[in-house]
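So that the names make sense, note that chain A is the first sequence line, chain B the second, and so on, each numbered from 1.
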2 protein chains.
Amino acid sequence: MADVGRLAGVSQVTVSRALSDPSMVSAETLKRIQDAIRVTGYVPNALAGALASNRSNLISALVPSVTNIVYASMLHAFSKIMRARGYQLMVGETGFDLAEEEAVVATHLSRRPDAMLLTGIHHSPAVRRMLLSAAIPIVEVWDITETPIDCCVGFSHVAAAAAAANYAHSHGYRRAAAVTAGDERAARRRDAFVRQFEALGGTPVATVDFPGHASLGGGRQALATLIAEHGFSGGVIFCSSDQFAQGILVEAKARGLAVPSEVAVIGFGDQEFAPHTDPPLTSVRVDREKLGTAAADALLARFAKKTMTNPVTDIGFQIIERETS
Amino acid sequence: MADVGRLAGVSQVTVSRALSDPSMVSAETLKRIQDAIRVTGYVPNALAGALASNRSNLISALVPSVTNIVYASMLHAFSKIMRARGYQLMVGETGFDLAEEEAVVATHLSRRPDAMLLTGIHHSPAVRRMLLSAAIPIVEVWDITETPIDCCVGFSHVAAAAAAANYAHSHGYRRAAAVTAGDERAARRRDAFVRQFEALGGTPVATVDFPGHASLGGGRQALATLIAEHGFSGGVIFCSSDQFAQGILVEAKARGLAVPSEVAVIGFGDQEFAPHTDPPLTSVRVDREKLGTAAADALLARFAKKTMTNPVTDIGFQIIERETS
DNA sequence: CTGAAAGCGCTAACAG
DNA sequence: CTGTTAGCGCTTTCAG
């Protein structure tokens with residue numbers, strides 16, 4: 001930066017100003033500086049800038065996994081807005097394990113992010129303490145709580161699952177099953193679905209749980225298991241993800257079972273392929289782009305003014321009725 | 001750090017040493033320092049450390065899109081290794097546009113990453129210049145070239161597509177079509193497939209291109225288009241992605257077309273669901289985890305010693321024969 | 001094994 | 001509009 005200044009015949013600070021706010025230097029000085037930058041191939045050092053200004057322009061985003069499309073698409077929407085505002089993203093994967101999250105949070109905080117996005121509302125006491133003393137805006141996503149660390153953007157998993165149970169019951173289903181991936185929020189939905197479906201007078205809900213992530217193969221296997229081991233002989237299957245639902249459709253077709261008359265399915269997530277399965281998949285839609293943009297908006301609002309109008313943003317959900325139930 | 005030192009009765013530098021290399025301080029001093037850290041809740045400032053040491057421990061990884069599972073799973077494998085070695089990932093999305101890539105590269109370089117992962121081997125002259133003068137290890141992935149910026153890890157798209165054409169021909173197919181997403185590498189595969197299939201004596205290959213990313217819906221539409229507008233009446237369809245292939249299977253089943261006798265399909269990527277479609281999908285496998293780990297290994301080797309044994313790593317591909325062709 | 005001093009490249013005051 | 005002076009919180013180097 002000093003070299004650039006020397007070449008342009010100004011001091012180093014003037015170069016700094018030209019870069020951070022061009023309106024602070026005269027037009028001709030600006031031009032000379034820009035020329036000098038081009039000639040020298042100068043690349044600013046954001047590290048030094050961050051240290052001096054105490055603003056890193058970094059946002060850290062922690063998700064369970066980047067290979068899960070629901071988190072990836074949320075990140076995409078989130079980062080698009082943040083990038084447009086000059087912030088860069090540091091992405092971290094926390095798995096579904098609180099201890100792992102703790103280590104990731106610690107290393108990310110050492111980079112002094114200006115804000116942090118966290119997935120979920122359940123964190124270890126150590127994480128809460130670190131986050132609180134970091135004193136930066138924090139947004140927790142994919143769930144809502146009355147007691148966020150700072151603010152949260154999401155929806156009620158209990159309400160979504162109960163709505164699915166109501167939907168199933170009102171469409172005449174009295175028998176049901178649930179297929180669930182190894183994810184705390186999915187498990188909460190499963191429990192809420194079971195509770196509500198049975199409360200409405202449905203027969204006991206059979207459940208099949210997978211420890212890992214949802215997959216098409218898992219959905220096929222789940223239907224096979226339900227039939228072979230749970231005596232499943234018709235009814236609606238509430239899935240924790242559209243991936244499972246798609247697998248159930250494939251397996252049903254392979255077995256010659258009619259959908260929805262013999263096997264009905266409700267997916268979760270309303271992923272891109274849901275309208276194009278055969279038959280088109282009924283699913284609970286969660287607007288992942290909106291989740292990402294609302295999370296970004298919440299952080300930007302916190303940057304603008306310290307007072308929060310409302311720390312809890314419920315983006316809701318929607319049951320998209322198609323032809324599988 | 002000075003506070004911690006005061007509490008432990010040592011100077012600030014000693015704390016620094018205790019953190020960077022515990023063996024440099026005596027056992028009892030170390031213990032006092034660790035206690036002091038616990039008491040004060042001290043969180044190191046990696047920004048300052050990076051500025052002073054000229055090593056940021058940051059790696060920037062640039063992919064076209066994080067919502068595409070093939071890039072996401074590569075990133076996952078890559079970051080796992082890098083994180084274990086103490087490096088953190090800055091993720092950037094470049095889209096499929098060279099100009100966008102330029103802006104992303106510039107901002108990432110300003111953060112002084114210790115190395116960079118780039119997707120693809122085609123970059124603008126400005127990007128090459130910036131990267132060269134950054135003088136850090138660079139790995140280009142998903143493709144190979146004799147003239148990488150620094151080193152590359154990938155496979156030959158031309159060879160993969162030609163192998164698919166050979167496979168189709170040797171399995172008796174004389175008619176073929178290709179369905180391709182809007183991605184330069186996919187287009188190169190399409191061209192290589194067409195060239196080889198026709199060279200082997202196949203009839204002219206009908207092509208359907210989509211500007212955006214591959215999807216199940218796109219695959220369904222592609223088969224409909226091939227039948228309606230290209231008079232497709234049997235043969236093998238080479239897809240740029242398993243997503244398209246899956247859509248073709250769904251559409252074929254919906255139309256009552258037998259697979260593979262009336263419509264045969266070859267996917268690309270061998271994604272998780274490929275073995276579980278009905279019938280199981282024949283696909284060109286690219287080991288994305290291996291791609292990520294090999295890219296990480298290449299950078300780590302560059303960190304260890306400046307001389308490269310071999311700058312080009314070809315991880316190859318494999319045609320997985322299942323039942324759709 | 002520990003400490004003192006210097007400085008990484010920038011921004012934030014304060015002057016002029 | 002521009003320059004001067006002080007740091008930001010660390011690591012590095014050189015002494016002891």
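Considering only side-chain N and O atoms, B:Thr29 lies nowhere under 4.0 angstrom from the phosphate OP1 or OP2 of C:dC1. OP1 and OP2 of C:dC1 both lie 4.0 Å or more from every side-chain N or O belonging to B:Ser26.
Side chains of A:Arg83 and A:Gln88: a donor-acceptor N/O pair is absent below 3.5 angstrom, by distance only. For the 3.5 Å distance criterion, the side chains of A:Thr107 and A:Ser110 fail to qualify, holding no donor opposite an acceptor. In this model, a donor atom of one side chain and an acceptor atom of the other lie less than 3.5 Å apart for B:Glu140 and B:His123.
Close approach of DNA chain D to chain A, defined as any atom under 4.0 Å from a non-hydrogen atom of the protein, starts and stops at D:dC1 to D:dG9.
The six-membered or imidazole ring of B:Phe78 lies away from that of B:His76, with a centre-to-centre distance of 6.0 Å or more.
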Base-contact (B) and sugar-phosphate-only (S) positions in nucleotides 7-16 of chain C, heavy-atom cut-off under 4.0 Å, - elsewhere | BBBBBBB---
Verdict with supporting geometry, B:Val139 and B:Cys152, side chain to side chain contact (heavy atoms under 4.5 Å, CB included) | CA-CA 5 Å; B:Val139 61; B:Cys152 63; 5.6 Å; no
Should B:Thr94 and B:Glu100 be marked as a side chain to side chain contact (heavy atoms under 4.5 Å, CB included) after you check the CA-CA gap, both sets of side-chain angles, and the distance that decides it?
-> CA-CA 6 Å; B:Thr94 55; B:Glu100 204 167 331; 5.6 Å; no
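Annotation: the span from A:Leu47 atom CG to A:Ser56 atom OG amounts to 10.0 Å, rounded to 0.5 Å.
Between its two ends, the helix from C:dC1-D:dG16 to C:dG16-D:dC1 turns its axis by 30°, counting five pairs per end and rounding to 10 degrees.
The environment of CG in A:Asn54 is sparse: at most 12 heavy-atom neighbours from other residues, nucleotides or ligands sit within 6.0 Å. Residue A:Asp314 qualifies as enclosed at atom CG: its count of foreign heavy atoms under 6.0 Å is above 12.
Using cut-offs of 30° and 60° for the angle between ring planes, the B:Phe303 and B:Tyr87 rings count as parallel.
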